[in-house]
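Model, not experiment: these values are computed from the prediction.
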Amino acid sequence: QVQLGESGGGLVQAGDSLRLSCTASGRTSSIYHMGWFRQAPGKEREFVAAISWSGGSPYYADSVKGRFTISRDNAKNTRYLQMNSLKAEDTAVYYCAASRSISIPTLPSTYDYWGQGTQVTVSS
């Protein structure tokens, strides 16, 4: 089993930045990808960014490319999502997720473990 804990959400103004953190514990050796998803009220959960546990090229949704950066600190078993130039449409609950699959990590169905979510609200 893998446990995920997120932090870093909050209320900011458009154009501001936030950094989300996700710390994994338990059987982290089973993780292949770590990802971030978000879900706004009345909408489906959507992919934001992902990176393999060992590094490599990250994946980004088109809507966040150039503004968001996913990074890792293996010593702390932590992945980060740096969010810059935030927009009102970025408002959502953000979830960290871990996948044991080597499949391309953009689908929620490929993830095995999920964090509790952290609210990000961007006022315009």
Side-chain angles (χ1 to χ4, degrees):
Q1 283 282 27
V2 172
Q3 294 78 41
L4 302 174
E6 302 132 333
S7 62
L11 172 63
V12 297
Q13 293 186 335
D16 286 351
S17 298
L18 273 178
R19 189 178 77 160
L20 306 183
S21 300
C22 175
T23 299
S25 60
R27 290 193 61 191
T28 58
S29 60
S30 67
I31 299 173
Y32 194 89
H33 283 115
M34 292 287 291
W36 288 95
F37 290 78
R38 66 187 182 187
Q39 188 165 18
K43 295 188 176 181
E44 293 188 354
R45 191 167 297 190
E46 66 172 355
F47 171 74
V48 176
I51 192 168
S52 67
W53 184 260
S54 60
S57 298
Y59 300 80
Y60 294 103
D62 288 343
S63 59
V64 306
K65 279 181 182 176
R67 300 188 299 123
F68 291 11
T69 303
I70 188 170
S71 62
R72 62 192 182 102
D73 184 338
N74 280 355
K76 298 180 178 179
N77 282 347
T78 299
R79 301 301 178 261
Y80 303 98
L81 185 68
Q82 178 66 41
M83 305 185 294
N84 298 330
S85 302
L86 282 162
K87 305 175 181 179
E89 51 263 44
D90 294 318
T91 295
V93 176
Y94 283 71
Y95 297 91
C96 172
S99 171
R100 297 174 296 176
S101 172
I102 64 172
S103 299
I104 295 176
T106 59
L107 295 176
S109 58
T110 64
Y111 287 80
D112 304 285
Y113 307 103
W114 293 85
Q116 78 283 0
T118 185
Q119 177 70 47
V120 172
T121 303
V122 184
S123 63
S124 57

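The pair K87-D90 fails the salt-bridge criterion, with no side-chain N (NZ, NE, NH1 or NH2) lying under 4.0 Å from an Asp/Glu carboxylate O.
Taking SG of C22 as the start and CG of N77 as the end, the distance is 10.0 Å to the nearest 0.5 Å. Rounded to the nearest 0.5 angstrom, S123 OG and L86 CG are separated by 10.5 Å. In this structure, S103 OG and Y32 OH are separated by 10.0 Å, a value rounded to the nearest 0.5 Å. Rounded to the nearest 0.5 Å, atoms CG (L81) and SG (C96) are 9.5 Å apart. The distance from the CD atom of E6 to the OG atom of S21 is 10.0 Å, given to the nearest 0.5 Å. A distance of 8.0 Å separates CD of Q82 from OG of S71, quoted to the nearest 0.5 Å.
There is a side-chain donor-acceptor pair under 3.5 Å between T121 and Q119. Side-chain contact of N84 with R19: a donor-acceptor pair under 3.5 Å is absent, judged by distance alone. Side-chain atoms of S101 and T110 form no donor-acceptor pair, as typed in the model, at a separation below 3.5 Å.
Taking the six-membered ring for Trp and the full ring otherwise, F37 and Y111 have centroids separated by under 6.0 Å.
Residues L4 and A98 approach most closely at CD1-N, 3.7 Å, considering heavy atoms. What you find for Q39 and K43 is that their closest heavy atoms are NE2-O, 3.1 Å. In terms of heavy atoms, P108 sits closest to W114 at O-CZ2, 3.6 Å. Of all non-hydrogen atoms in S17 and S85, the two that sit nearest each other are OG-N, 4.3 Å. Looking at every heavy atom in both residues, V48 comes nearest to V64 through O-CG2, 3.5 Å. Smallest separation of non-hydrogen atoms from G9 and V120: CA-CG2, 4.1 Å.
Judged by distance alone, with hydrogens and angles left aside, the side-chain atoms of Y60 form a donor-acceptor pair with the main-chain N or O of I70 at under 3.5 Å. T91 contributes a side-chain N or O that, together with a main-chain N or O of A88, makes up a donor-acceptor pair within less than 3.5 Å. Using modelled atom types, no side-chain atom of R72 and backbone atom of I51 make a donor-acceptor pair closer than 3.5 Å.
Following chains of ILVMFWY side-chain contacts shorter than 4.5 Å, one can reach F68 starting from V12, so the two form part of one hydrophobic cluster. Under the 4.5 Å side-chain contact rule for hydrophobic residues, L20 and M34 do not share a cluster.
Around CD of Q116, the count of heavy atoms belonging to other residues, nucleotides or ligands within 6.0 Å exceeds 12.
Two residues are said to be in side-chain contact when any heavy atoms from C-beta on lie closer than 4.5 Å; S30 and V2 meet this criterion.
Remark: R45 is positioned above the aromatic ring of Y95, its terminal NZ or CZ atom under 6.0 angstrom from the ring centre and at most 45 degrees off the axis. For the pair R38 and Y94, the NZ or CZ position fails the cation-pi test of under 6.0 Å to the six-membered ring centre and within 45 degrees of the ring normal. Figure legend: cation-pi geometry between R100 and W53 absent, as NZ or CZ is not positioned both under 6.0 Å from the six-membered ring centre and within 45° of its axis.
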From CA spacing to verdict: side chain to side chain contact (heavy atoms under 4.5 Å, CB included), H33, I104: CA-CA 9 Å; H33 283 115; I104 295 176; over 6 Å; no
List the steps and the verdict of side chain to side chain contact (heavy atoms under 4.5 Å, CB included) for E44 and E46. CA-CA 6 Å; E44 293 188 354; E46 66 172 355; over 6 Å; no
